[in-house]
Amino acid sequence: MAKVHNWQMGREMRYPYEAAYPERQFAFVFNINRCIACQSCTMACKSTWTFSKGQEQMWWANVETKPYGGYPMFWDMKILELLERANPGGQRWSGRLSGDPRAPFGRFDGRTIFEASLMLTPDSARVLGYLPADEEWNSPNIYEDNPVGQRGTPMEYHKTGVELPEHKTWFFYLARICNHCTYPACLAACPRRAIYKRPEDGIVLIDQKECRGYRKCVEACPYKKTMYRGNTRVSEKCVACYPRIEGKDPESGGKPLETRCMAACIGQIRLQGLVKMNRDGTWAADRQNPIYYLVHVAKVALPLYPQFGTEPNGYYIPPRWVPRPYLRQMFGPGVDQAIERYENPDRELLAVLQLFRRSKLIIYGYRVVEGPKAYEAELRGRRFTLYNDTVIAYGKDGEELFRTSVEEPVHVRPPRHANSI
Ligand code: SF4
Ligand code: SF4
């Protein structure tokens, strides 16, 4: 196995292939605090890519209720258990948060799915994983809205009610697509070399002509985002709506468009872009790219299960009300800092958060123009001042895409039209 640097884990790790990085990387930020589980994203994907015979149980994009829900059922618990068995008690982080782009979260000392495979799986297996049973794919929305209750008893509310910083009765919605990982487990496991990562945007695709349906990718992907199609006998996965990214969607006018699931998001939780990569696999400093800003400057958006080792390119602003140990397991050691910053946003963060879902065009840069003070308030014991700044979004060639303000304009319906019907 080759050695590659995984910046999310702050160390070198073993991977079956030599490192090779795209020029830009498809990446996204989901703000969990805003998701309402309307499933508009899920249906936008389904109606675009997986509406055909043989794809009935296939949901490339899904939204599950944590902690009990999962598609396929219990996918994360199962892989976490396998990792724990390979490295009992050793799945830990050391070091501290820092500004080092090669190790911003410290160092993950446990074994990744690539390293643990050497211990638990047959010699031929390159990745620690498991193949879900058919019935585990049956119910994509199982346990919807089921909270953790009294001392972990499902369906029973905690008697003391709820209060920040952590609720005692809690659940949250986790929206998921393929993470188009920097070190894809699906690609690593494919004996046919049918899976590839595009050099121009890092999108991970399965060559349908090369695939023979061995399902090694389904077994290996820790996020379970490759799926087997019984009637064609090949595997399929999220294609990141690549014609839209390329600006070839008929409605794009030649400009790069966000994926269908992003563009459809009612809760305005999603922002997707393309980040510049350095030759060593870290992100090139691109201060005014909103994804770069949220991940590396504001540090409010964190990778999903970075300990798996695939270096996923999906980032999440963690939910404020959920017990921290659970969130630290899911998003790593940056959780407390991310929540603190999200709860007490500065002017720039507040402005950048307004970019979510104002347009379906991919944003390559932004600029904040300071505006007047709008109001002051006491928030959780701190003085908070809101300024009505304007944020301007720019496209691929530096052209202005749109501008929007922090304060939404208020429109009062005149009495003559009090009822719109
Ligand atoms: S999330 Fe899974 S399917 Fe997607 S690139 Fe990563 S390993 Fe492959
Ligand atoms: S469309 Fe947005 S708000 Fe609705 S479920 Fe999907 S991610 Fe959540």
Side-chain angles (χ1 to χ4, degrees), residues 6 8 15-17 22 25-47 58-66 69 71-72 75-76 79 112-114 126-129 132 140-141 144-145 172-190 194-198 201-206 211 215-228 235-240 258-272 303-306 308-317 319 356-357 360:
N6 183 319
Q8 293 175 356
Y15 186 69
Y17 295 109
Q25 174 62 55
F26 174 95
F28 56 87
V29 171
F30 290 174
N31 182 357
I32 294 181
N33 296 276
R34 300 192 64 158
C35 180
I36 53 174
C38 62
Q39 305 284 1
S40 304
C41 49
T42 311
M43 294 315 297
C45 178
K46 186 103 192 124
S47 60
M58 202 180 262
W59 301 87
W60 292 354
N62 77 293
V63 181
E64 55 203 42
T65 301
K66 286 297 180 199
Y71 170 75
W75 63 272
D76 48 352
I79 188 66
T112 67
I113 55 171
F114 305 110
R126 294 166 166 186
V127 186
L128 182 73
N141 216 5
E144 184 182 27
D145 290 0
F172 67 93
Y173 302 122
L174 186 68
R176 301 200 301 119
I177 63 170
C178 164
N179 295 294
H180 297 277
C181 306
T182 301
Y183 304 114
C186 54
L187 183 155
C190 178
I195 303 182
Y196 60 103
K197 190 166 173 64
R198 304 205 314 178
D201 51 24
I203 290 173
V204 176
L205 297 176
I206 302 176
C211 176
R215 287 185 279 181
K216 288 287 176 193
C217 55
V218 184
E219 190 179 330
C221 171
Y223 304 96
K224 295 294 167 247
K225 278 298 174 192
T226 59
M227 293 153 206
Y228 180 68
S235 297
E236 296 181 1
K237 66 178 286 301
C238 159
V239 294
E258 291 194 345
T259 65
R260 289 271 290 132
C261 60
M262 311 284 168
C265 178
I266 302 290
Q268 304 186 344
I269 86 153
R270 295 174 172 234
L271 189 72
Q272 177 235 308
L304 179 65
Y305 291 120
F308 292 166
T310 64
E311 209 180 278
N313 288 299
Y315 294 83
Y316 292 81
I317 303 179
F356 285 60
R357 300 276 38 81
K360 58 195 169 198

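Ligands are counted one by one from 1 in listed order, and the atoms in each one are counted from 1 as well. Position 1 is the first residue of the sequence; numbering continues from there.
Evaluated by nearest non-hydrogen atom to atom 1 (S) of ligand 1, the leading choice among Val127, Asn313, Asn179 is Asn179.
Atom-to-atom distance recorded for Asp201:CG and Asn313:CG is 11.0 Å, nearest 0.5 angstrom. Atom CG of Leu128 is separated from atom CD of Glu219 by 9.0 Å, given to the nearest 0.5 angstrom. Atoms SG and CD1, from Cys221 and Ile79 in turn, are 9.5 Å apart once rounded to the nearest 0.5 Å. Atom-to-atom distance recorded for Arg176:CZ and Lys224:NZ is 10.0 Å, nearest 0.5 angstrom.
Using modelled atom types and a 3.5 Å distance limit, the side chains of Asp76 and Tyr305 yield a donor-acceptor pair. Side-chain atoms of Glu64 and Trp75 include a donor-acceptor pair closer than 3.5 Å.
With hydrogens left out, the protein atom closest to atom 4 (Fe) of ligand 1 is Cys178 SG, 2.3 Å, a heavy atom. The protein heavy atom nearest to atom 2 (Fe) of ligand 1 is Cys221 SG, 2.3 Å. What sits closest to atom 7 (S) of ligand 1 on the protein, heavy atoms only, is Ala185 N, 3.3 Å.
With 2.8 Å as the limit, Cys181 counts as an N, O or S neighbour of atom 6 (Fe) of ligand 1. For Cys186, every N, O or S atom stays at 2.8 Å or more from atom 2 (Fe) of ligand 1.
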Please report the C-alpha distance between Thr310 and Tyr223 in whole Å, then the side-chain angles of each, then the deciding distance to 0.1 Å, and finally whether the side-chain contact (heavy atoms from CB on, under 4.5 Å) criterion is met. CA-CA 10 Å; Thr310 64; Tyr223 304 96; 3.5 Å; yes

Working for side chain to side chain donor-acceptor pair (under 3.5 Å), residues Tyr71 and Asn141: CA-CA 7 Å; Tyr71 170 75; Asn141 216 5; over 6 Å; no

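Annotation for Lys197 and Leu187: closest pair N-CD1, 3.9 Å, computed over non-hydrogen atoms. Contact record, Cys178 with Lys237: SG-NZ, 3.3 Å, taken as the closest heavy-atom pair.
The aromatic rings of His180 and Phe26 sit perpendicular to each other, their planes meeting at more than 60°, with 30° as the lower class boundary.
The Tyr223 neighbourhood of ligand 1 comprises atoms 1 (S), with distances under 4.0 Å to a heavy atom of that residue. Taking every non-hydrogen atom of Gln39 and a distance limit under 4.0 Å, the qualifying atoms of ligand 2 come out as 4 (Fe), 5 (S).
In this structure, Thr226 has a heavy atom closer than 4.0 Å to ligand 1.
Around atom 2 (Fe) of ligand 2, the protein N, O or S atoms closer than 2.8 Å are Cys265 SG, listed by chain and residue number.
When heavy-atom distances to ligand 1 are checked against a 4.0 Å cut-off, Lys237 comes that close only through its side chain, counted from C-beta outward.
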